[in-house]
A.B. asks: 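I have a structure I would like to understand better, so I am pasting it below and will then ask my questions one at a time.
Just so you know, ligand 1 is whichever comes first in the structure, and atom 1 is the first atom listed for that ligand. As a basis for the values below, the full set of heavy atoms in this structure was taken, side chains included, without hydrogen atoms, waters or symmetry mates. Residues: numbered from 1 along the sequence shown. On a predicted model such as this, the values are computed, not experimentally measured, just so you know.
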Amino acid sequence: MTLPRPIQWTGTGTVRLLDQTALPDDERYRDITTVAAMREAIAALRVRGAPLIGIAAAIAVTLTEAGAGAGPTLEDVRAACSELDAARPTAVNLRWALDRMRHRAEVAVAADDPMAPALRAEAQAIWDEDRAMCERIGEAGAELLGDGDVVLTHCNAGALATGGIGTALAPVYVAQRSGRHIRVIVDETRPLLQGSRLTAWELGRAGVAYTVIADGMAAARLRRGDVRCVLVGADRIAANGDVANKIGTYGLALAARAHGVPFYVAAPRSSVDLAAPDGAAIPIEQRAAGEVRGFRGAASTPSGAEVWNPAFDVTPAELVTGYLTDGGLLTARELGGLAPLSELAVR
Ligand code: MRU
C-alpha cells in the first residue's frame with residue numbers, strides 16, 4: 001500500500017511540502033525555509049488537514065530566525081507561534097501544536113538548554129505521536145468494517161491530512177492491510193474539491209476502490225442502503241461532542257440519520273477542545289468569495305455574484321454515532337476522559 005508523504009523533513013532548516021493545491025494533475029513540491037512561507041502555505045491550503053497543519057506549524061517554529069545573537073530567543077519563538085497561529089482559526093490542532101512548541105521553548109530557557117535542538121525534538125515528537133494516533137484510530141475503526149463493505153467520506157481526512165495513515169481513512173487502510181476489500185464513496189467536497197482531487201488520488205495510489213460523487217448526490221446514495229457507515233474527520237470537537245469539520249459534513253450527518261446509516265467522526269485527541277463547551281464556541285473560518293465563484297480560473301457563477309463561503313460547519317453531537325479516537329471508539333460523554341491537552345503538552 002503506497003500512501004503519499006505530504007511533508008518531508010529530516011530535522012534540517014528546510015521542510016518539503018507536497019503542494020496540495022496542484023493535485024491531482026501535478027505532483028509538485030515546495031521547499032519551505034521560513035515561518036512566513038509556512039504561514040502562507042497553511043493559509044493557501046498547500047498543506048492542510050487539522051493534524052497536518054499542527055505538525056507543519058511545529059516544524060516551521062524550528063525555522064525561526066534569530067532576532068539577535070546566536071539562536072532564536074524565547075521572544076523570537078513566541079512571535080513565530082503567533083504568526084503561524086493566525087494562519088487558520090478552526091482546527092484546534094494548530095494552536096495545540098504551537099502551545100507545545102512555546103512551552104518547550106520556555107522549558108529550554110528555564111533549564112538553560114540550547115533552544116534549537118529542543119524545538120526540533122518537540123516538533124518530531126508531535127509528528128511521531130500523530131502517526132501513532134492515526135494507527136490506533138485505524139485499528140478501532142477497522143473493527144467496524146467487513147470484507148466488501150462500502151463507506152462514504154467527505155473532504156480528505158487521509159494520509160494527505162495527517163502525519164500518518166489519516167483519521168477517517170485510517171480504518172479503511174487497516175482493514176485493507178488485513179485483506180478486507182472496502183469501497184469508498186468520495187464526496188467531491190465543494191468548493192475546493194478535497195474529496196475528488198485529494199481523497200480519490202490518495203485512495204487510487206493506495207489501491208483502494210472508490211467512487212466519486214458530487215456532494216448533492218450523497219443523500220440519494222445513502223437511501224440506496226448499501227453504505228455501511230459514514231466516516232469523517234474533525235477540525236475541532238467541543239466538550240459536548242459537537243464537531244466542526246469541512247462544510248457539508250452537517251448535511252451529510254442529517255442525511256445519514258434520516259436513512260439510519262451510522263455516522264462516525266474519526267479524530268486524535270489533539271482535535272478535542274475541552275475548553276469549547278459546544279459547537280457555538282468554535283470559530284468558523286470564512287474564505288474568499290472567489291473560491292465559490294469558480295475553480296482554477298473557470299467561472300461557475302456570474303462575475304461578482306454574492307457568495308457565502310464558510311470553510312467548516314458544526315455537526316451537533318446527537319447526530320454522531322461514535323467518535324473513533326486514539327483512545328478507542330467513544331461516546332460524546334467519554335471524550336472528557338481523554339487526557340487533557342495541557343497534560344499531553346507538559347509530559
Ligand atoms: O480546509 P481543509 O482541507 O484543511 O479541511 C480539512 C477537513 O475538514 C478535514 O476533514 C479535517 O481537517 C480532518 S483531517 C484528518
Side-chain angles (χ1 to χ4, degrees), residues 3-4 6-7 17-21 23 41-57 87-97 127 130-131 133-138 141 152-173 184 186-202 215 230-237 243-253 263-273 282-288 291-292 309-315 320 323-326:
L3 291 176
I7 288 199
L17 298 182
L18 173 58
D19 184 348
Q20 298 193 31
T21 63
L23 290 172
I42 293 171
L45 275 57
R46 301 185 197 288
V47 58
R48 47 149 299 282
L52 193 63
I53 61 175
I55 295 164
R88 296 190 78 187
T90 303
V92 74
N93 312 63
L94 179 61
R95 197 184 67 203
W96 172 80
W127 188 349
D130 187 66
R131 189 183 295 117
M133 289 193 288
C134 288
E135 289 291 334
R136 293 203 288 271
I137 291 167
L152 192 150
T153 194
H154 189 68
C155 193
N156 173 267
L160 284 170
T162 65
I165 62 171
T167 58
L169 296 186
V172 174
Y173 294 138
V184 182
V186 179
D187 266 4
E188 177 185 43
T189 317
R190 281 276 291 151
L192 295 180
L193 312 182
Q194 287 94 331
S196 55
R197 287 191 306 108
L198 307 180
T199 298
W201 182 78
E202 173 179 331
D215 297 346
V230 175
L231 292 171
V232 297
D235 284 81
R236 192 184 301 220
I237 303 176
V243 177
N245 191 51
K246 179 54 55 192
I247 190 75
T249 303
Y250 174 37
L252 189 56
F263 183 91
Y264 294 102
V265 173
R269 67 185 69 205
S270 52
S271 300
V272 179
D273 182 3
I282 300 176
I284 299 294
E285 177 181 7
Q286 294 287 331
R287 292 188 63 88
E291 292 180 353
V292 176
N309 186 20
F312 302 98
D313 58 24
V314 173
T315 299
V320 179
Y323 301 82
L324 289 164
T325 73
D326 52 290

A.B. asks: Any heavy atom of Pro51 closer to ligand 1 than 4.0 angstrom?
C.D. replies: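 A heavy atom of Pro51 does come that close to ligand 1.
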
A.B. asks: Give yes if a backbone or side-chain nitrogen or oxygen of Thr162 is under 3.5 Å from a nitrogen or oxygen of ligand 1, and no if not.
C.D. replies: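 Such a contact does not occur with ligand 1.
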
A.B. asks: Do Asn156 and Arg48 have side-chain atoms, one donor and one acceptor, less than 3.5 Å apart?
C.D. replies: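 Arg48 and Asn156 do have a side-chain donor-acceptor pair below 3.5 Å.
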
A.B. asks: Check whether any N or O atom of Phe312, backbone or side chain, sits under 3.5 Å from an N or O atom of ligand 1, and answer yes or no.
C.D. replies: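 There is no such contact.
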
A.B. asks: Quick one: which ligand 1 atoms are inside 4.0 Å of a heavy atom on Ala157?
C.D. replies: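 So the answer, numbered in order with elements, is 14 (S), 15 (C).
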
A.B. asks: What atoms of ligand 1 come closer than 4.0 angstrom to any heavy atom of Gln194?
C.D. replies: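 Result: 1 (O), 2 (P), 3 (O).
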
A.B. asks: Answer yes when Asp215 and Arg190 have at least one side-chain N-carboxylate O distance shorter than 4.0 Å, and no when they do not.
C.D. replies: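 No salt bridge links Asp215 with Arg190.
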
A.B. asks: Considering the heavy atoms of Ala50, write down every atom of ligand 1 situated less than 4.0 Å from one of them.
C.D. replies: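 Heavy-atom distances to Ala50 below 4.0 Å select 12 (O), 14 (S).
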
A.B. asks: Between ligand 1 and Lys246, is the shortest N or O to N or O distance under 3.5 Å?
C.D. replies: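 Yes.
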
A.B. asks: Out of Leu198, Val265, Asn245, who gets a non-hydrogen atom closest to atom 9 (C) of ligand 1?
C.D. replies: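 It is Asn245 that holds the nearest heavy atom.
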
A.B. asks: Report yes or no: does a heavy atom of Arg88 sit under 4.0 Å from some atom of ligand 1?
C.D. replies: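 Arg88: in contact with ligand 1 (<4.0 Å).
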
A.B. asks: How far is atom 13 (C) of ligand 1 from its nearest protein heavy atom, and which residue and atom is that?
C.D. replies: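 Of the protein heavy atoms, Ala234 O, 3.5 Å lies nearest.
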
A.B. asks: Would you kindly say whether Thr90 and Asp235 are connected by a side-chain donor-acceptor distance under 3.5 Å?
C.D. replies: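 Per modelled atom types, Thr90 and Asp235 side chains form no pair under 3.5 Å.
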
A.B. asks: Establish, from distance only, whether the side-chain atoms of Thr21 and Asp19 form a donor-acceptor pair under 3.5 Å.
C.D. replies: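 Yes, side-chain donor-acceptor contact under 3.5 Å.
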
A.B. asks: Suppose I only count heavy atoms of Cys155 and a 4.0 Å limit; which atoms of ligand 1 are within that range?
C.D. replies: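 Numbered from 1, ligand 1 contributes 5 (O), 6 (C), 7 (C), 8 (O).
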
A.B. asks: So which protein heavy atom does atom 14 (S) of ligand 1 come closest to, and at what separation?
C.D. replies: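 For this ligand atom, the closest protein heavy atom is Ala161 CB, 3.5 Å.
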
A.B. asks: Which protein non-hydrogen atom lies closest to atom 15 (C) of ligand 1, naming both residue and atom, and how far is it?
C.D. replies: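 Looking at atom 15 (C) of ligand 1, the protein heavy atom closest to it is Thr167 OG1, 3.1 Å.
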
A.B. asks: Identify the closest protein heavy atom to atom 3 (O) of ligand 1: which residue and atom is it, and at what distance?
C.D. replies: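 The answer is Arg48 NE, 2.5 Å.
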
A.B. asks: Nearest protein heavy atom to atom 8 (O) of ligand 1, by residue and atom, and its distance?
C.D. replies: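 Looking at atom 8 (O) of ligand 1, the protein heavy atom closest to it is Asp235 OD1, 2.8 Å.
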
